[in-house]
Amino acid sequence: MKFTVSSVAKSTARLGSLSEFTRIPEAVLETPLLLLHTRGASVPHLSYDLLQMVSTESQILQMPLVTLVDHTKNVKAFGKGIAEFAGLKEYLNYVSVQDSGTTTPEGYHEKNSVSLWTRGGRKLIDPQTYITCIEALKPDMFQAMVDGDTTSNSSVKRVRRSVDDTVKFAGICANLKEKSEVLKDTPMLACITGGYNIKERLRCITELKGLDVAGYVLEGFHTNGESATNLIWEDLDPVLTETIESLPDNLPRAFHGPVTPIILLKLVSKGIDIFDATFPWLVAERAGALVFPNTLLKGNAPITETLPSVKSQALITPNEKDGSLENENSKDELVDRVFEINIKDKLYFNDTRPLVEDCSCYCCRKYSRSYIHHLSTTSELQGPILLMMHNLHHYINFFRSIRLAIREDQLQGLHSTLEQFVTSRRS
Amino acid sequence: MSRHPLTFQVLAQCKTTKAKCSLMTLPHHVVETPVFMPVGTQGSLKGIIPEQLEQLNCQIMLGNTYHLGNRPGPDLLESCGGLHNFMGWPRNLLTDSGGFQMVSLLDLAEITEEGVKFKSPYDGSECLLTPERSIEIQNAIGADIIMQLDDVVSSTVSGPRVEEAMHRTTRWLDRCLKAHKRPESQNLFPIVQGGLDPKLRTESAKQLMERDVAGFAVGGLSGGEGKDQFWRMVHLSTDLLPNDKPRYLMGVGFATDLVVCCALGCDMFDCVFPTRTARFGCALVDSGQLNLKLKLFGQDFRPIDENCDCSTCQRYTRAYLHTIATIETVACNLITVHNVAYQLRLMRNIRESIMNGTFVEFIFNFMDTMYPKKDFPVWAMDALKAVNVDLINRTKQQNSDS
């Protein structure tokens with residue numbers, strides 16, 4: 001795999017590309033890059049045919065081992081790797097340890113291993129077993145095993161331990177990879193942990209020096225899932241700045257998890273190159289449709305519709321089965337839905353407009369909010385399919401706009417458009 | 001006679017059985033019969049999108065009036081220009097009357113001459129579904145074929161209640177016909193009732209045939225009666241109903257039942273089974289079904305069916321489906337696509353064999369594949385014998401058919 005940085009903006013945001021993957025050498029993926037998040041090796045709700053309706057471009061699928069580990073034996077017996085096993089051989093794939101879209105329970109640390117919370121319960125996995133799994137999956141790129149179990153509340157001891165473990169795991173993984181016939185040419189991303197402690201972050205970088213790695217993943221800022229949507233930039237900013245300054249310029253940097261679009265833009269401007277599509281998935285799972293402005297407004301763009309303030313509570317139809325009101329409203333107080341509309345809201349019962357006016361996705365070309373509202377309130381499986389198609393399309397286009405904005409030195413413009421949108425929805 | 005928005009052209013008639021192959025032209029699309037109609041209860045076929053159904057060459061699907069009448073409701077559907085528009089399905093739709101759901105889903109349904117009285121599961125209030133109301137909702141939904149409200153009695157009930165229901169069904173048909181506001185774009189089908197009593201069935205069919213309608217349904221079956229009684233009632237009904245109008249056998253969708261009932265002269269079928277079983281991880285194949293959840297498929301790297309041309313079998317293996325079945329909704333999508341493809345292919349093969357004059361041969365091949373130990377169900381053997389197909393003693397039929 002080859003990473004090329006083509007330009008660095010004043011903001012330190014950078015444009016680049018990943019290319020020359022062994023299995024699909026012709027694929028070129030521009031950074032900042034959106035990895036398509038999968039569970040059980042499929043993009044949630046989308047089979048190959050449906051995914052093709054969202055995008056026919058080259059993509060890298062992020063495949064969390066935690067969602068696959070129960071089946072590695074069968075993938076190994078298959079022999080041709082997870083991409084072909086899952087019917088998605090046209091797509092590149094990257095295996096990560098945890099599912100960045102799902103909250104990883106904190107704690108449960110044991111010597112020389114990490115906990116994977118699978119459907120069958122907790123599975124302890126050591127670096128040797130980890131590499132054996134990776135060998136079975138034969139990914140196009142993978143993450144070194146990592147202990148990223150830290151947040152802004154973690155004790156110094158926990159942070160130190162996460163760095164110690166991460167460095168140790170990376171060493172063992174690199175060593176085993178070197179000796180592995182299957183993996184020796186597969187790019188591995190090492191992880192930088194250290195929570196919100198600059199000293200520990202820098203120690204992690206120093207101790208990883210000398211390892212042959214293809215890039216870095218900045219772990220340990222959250223414990224995946226919802227926790228990644230509540231990051232406080234003021235806490236993140238100084239740690240990130242110092243960390244990134246100490247990383248080599250010629251290697252890509254990834255940041256996993258469903259961070260909000262505004263945090264994402266800030267991460268881009270710090271020089272992060274790779275993200276994942278867990279945010280659009282998380283939103284689709286709660287019957288949300290992404291509506292935030294995902295393009296650079298040129299000149300005096302017309303003012304789009306006034307969206308309901310996130311302060312007003314959504315009216316949700318009572319649950320059919322028990323007649324009780326769904327617990328949605330109380331949950332809403334915790335979840336920030338500023339970038340989406342809640343399609344279950346009665347507001348959309350007879351709204352004949354598409355989710356987003358002028359959106360070119362399959363869902364918006366064909367269906368009304370009213371129909372998707374109907375699907376969501378009746379819990380029809382087609383509801384999350386259509387929402388996922390729209391949200392993913394919206395996010396893929398957001399990344400296209402981000403790259404364009406960097407190229408045209410307009411990242412700040414994109415950022416203020418988003419800020420304005422958020423402010424108007426909070427009023 | 002009024003002009004119905006339905007033409008029915010018989011293309012070929014089997015020389016041995018009552019099976020026939022026809023073209024039924026409806027306002028939104030032509031339908032090749034015998035046809036299986038997948039069920040999209042609430043304005044969506046669970047787990048897949050209409051685009052995929054079109055790719056599978058599905059020409060007609062079902063919606064349920066009871067569910068659609070509740071959500072999103074007739075007013076919204078009417079304001080959207082009907083269910084076709086609302087759900088983005090450009091081909092044909094058929095809706096049931098809503099009565100069946102009421103009787104089967106609601107313990108508290110009470111049937112009077114006026115209609116079906118029931119407690120709303122939404123707010124507990126008392127509601128009444130009359131023939132007029134059923135048609136009003138179905139007019140708002142706008143399906144190409146709509147069904148009369150019938151008085152459904154469980155097929156295990158006998159006695160005077162069955163006779164009452166049969167007569168009431170005719171009276172309700174007349175009320176439905178009178179209330180029907182869109183006869184120029186929607187076909188109203190009556191439903192033959194009469195339980196398991198040949199006399200009552202005959203009387204029911206006679207009464208309904210006196211009305212000006214474009215097709216007929218056979219109802220009140222597939223509700224727990226023995227298969228032996230089931231096929232006899234189907235056989236009797238198709239003998240009575242005209243051959244130049246479509247006959248719709250409600251609620252039938254198992255492969256064997258479809259083959260036998262085509263031979264008995266039915267043209268249209270519907271059933272939730274193929275799509276429901278898909279959601280539980282079961283895939284339909286010529287030899288029955290595969291429960292992909294079973295461990296034995298964990299390292300089975302073949303497609304569900306090597307001879308299936310559906311998009312699932314072109315790309316996905318049993319082993320992969322095993323890992324995601326009932327866990328990821330993608331499995332639902334993939335297996336549903338396959339199962340609908342299976343049902344539609346089965347019907348296409350039936351049609352082609354009728355056209356080629358090889359339907360009897362098709363029945364033999366089908367039954368031998370489905371029952372390799374030749375343990376054919378007795379009812380199926382009897383039913384086929386009634387239409388001159390002897391599964392055990394074969395030579396004569398094969399010769400006479402070809």
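Lettering of chains follows the sequences in order, A, B, ..., and the numbering in each one begins at 1. Note that these values count all heavy atoms, side chains included, but never hydrogens, waters or copies made by symmetry.
Atom CG of B/Asn333 sits about 8.5 Å away from atom CG of A/Leu46, to the nearest 0.5 Å. Note that the CG atom of A/Leu381 and the NZ atom of B/Lys46 stand 7.5 Å from one another [nearest 0.5 Å]. In this structure, the separation between CG on A/Asn74 and NE2 on B/His322 is 6.0 Å, given to the nearest 0.5 Å. Atom CD of A/Glu84 and atom CZ of B/Phe301 lie 11.0 Å apart (nearest 0.5 Å). Taken from CD1 in A/Ile82 to OG1 in B/Thr323, the straight-line distance is 7.0 Å, to the nearest 0.5 Å.
For the pair A/Glu380 and B/Arg71, the salt-bridge criterion is not met [side-chain N within less than 4.0 Å of a carboxylate O].
Within the 4.5 angstrom heavy-atom criterion, atoms from both the backbone and the side chain of A/Asn350 approach chain B. Neither the backbone nor the side chain of A/Thr67 comes within contact range of chain B; no heavy atom of the residue lies under 4.5 Å from a heavy atom of that chain. Both the backbone and the side chain of B/Ile49 come within contact range of chain A, with heavy atoms under 4.5 Å apart. Residue A/Leu68 does not touch chain B at all, counting heavy-atom pairs closer than 4.5 Å. In this structure, chain A has a heavy atom under 4.5 Å from the backbone of B/Ile48, while its side chain stays farther away. Contact annotation for A/Thr378: both backbone and side-chain heavy atoms come within less than 4.5 Å of a heavy atom of chain B. Contacts of A/Val43 with chain B are made by backbone atoms alone, with heavy-atom separations under 4.5 Å and no side-chain atom involved. Of the two parts of B/Thr317, only the side chain, counted from C-beta on, holds a non-hydrogen atom closer than 4.5 Å to a non-hydrogen atom of chain A.
Here A/His71 is the residue among A/Lys89, A/Lys73, A/Lys366, A/His71 with the most heavy-atom pairs under 4.5 Å with chain B. Counting heavy-atom pairs under 4.5 Å between each of A/Ala86, A/Pro44, A/Ala41, A/Ser368 and chain B puts A/Ala86 at the top. Among A/Leu50, A/Leu88, A/Leu375, the residue making the largest number of heavy-atom pairs under 4.5 Å with chain B is A/Leu50. For the options B/Cys332, B/Ser44, B/Gly43, heavy-atom pairs under 4.5 Å to chain A are most numerous at B/Ser44. Among B/Glu51, B/Gln314, B/Gln55, B/Gln52, the residue with the largest count of heavy-atom pairs under 4.5 Å with chain A is B/Glu51.
Side-chain rings of B/Phe86 and A/His374 approach one another, their centers coming within less than 6.0 Å.
Inter-residue side-chain proximity for A/Pro384 and B/Thr329 is flagged as unmet; no heavy-atom pair is nearer than 4.5 Å. Between A/His373 and B/Pro72 there is no side-chain heavy-atom pair separated by less than 4.5 Å. Looking only at side-chain heavy atoms (C-beta outward), A/Phe78 and B/Gln299 stay at 4.5 Å or farther from each other. Residues B/Arg315 and A/Ser47 fail the side-chain proximity criterion, which asks for heavy atoms closer than 4.5 Å. Annotation: side chain of B/Asn85 is not in contact with side chain of A/Tyr371 (no heavy-atom distance under 4.5 Å).
Under the ring pair (Phe, Tyr, Trp, His ring centres under 6.0 Å) criterion, the residue pairs touching residues 34-57 of chain A are A/His37-A/Trp281, with sequence neighbours excluded. Residue pairs meeting the side chain to side chain donor-acceptor pair (under 3.5 Å) criterion with at least one partner in residues 271-284 of chain B, sequence neighbours excluded, are B/Thr277-B/Gln289.
Nearest heavy-atom pair, A/Ile385 versus B/Gly47, reported as atom, atom and distance to 0.1 Å: CD1-O, 3.3 Å.
Annotation: residues 356-364 of chain A contacts chain B through A/Tyr362 [non-hydrogen atoms, separation under 4.5 Å].
A/Glu26 meets the salt bridge (charged side-chain N to carboxylate O under 4.0 Å, His left out) test with no other residue; sequence neighbours excluded.
Taking the six-membered ring where tryptophan is involved, the planes of A/Phe85 and B/Tyr320 are perpendicular, since the angle between them exceeds 60° and thus also 30°.
More than 12 heavy atoms of other shown residues, nucleotides or ligands fall within 6.0 angstrom of atom NZ in A/Lys123.
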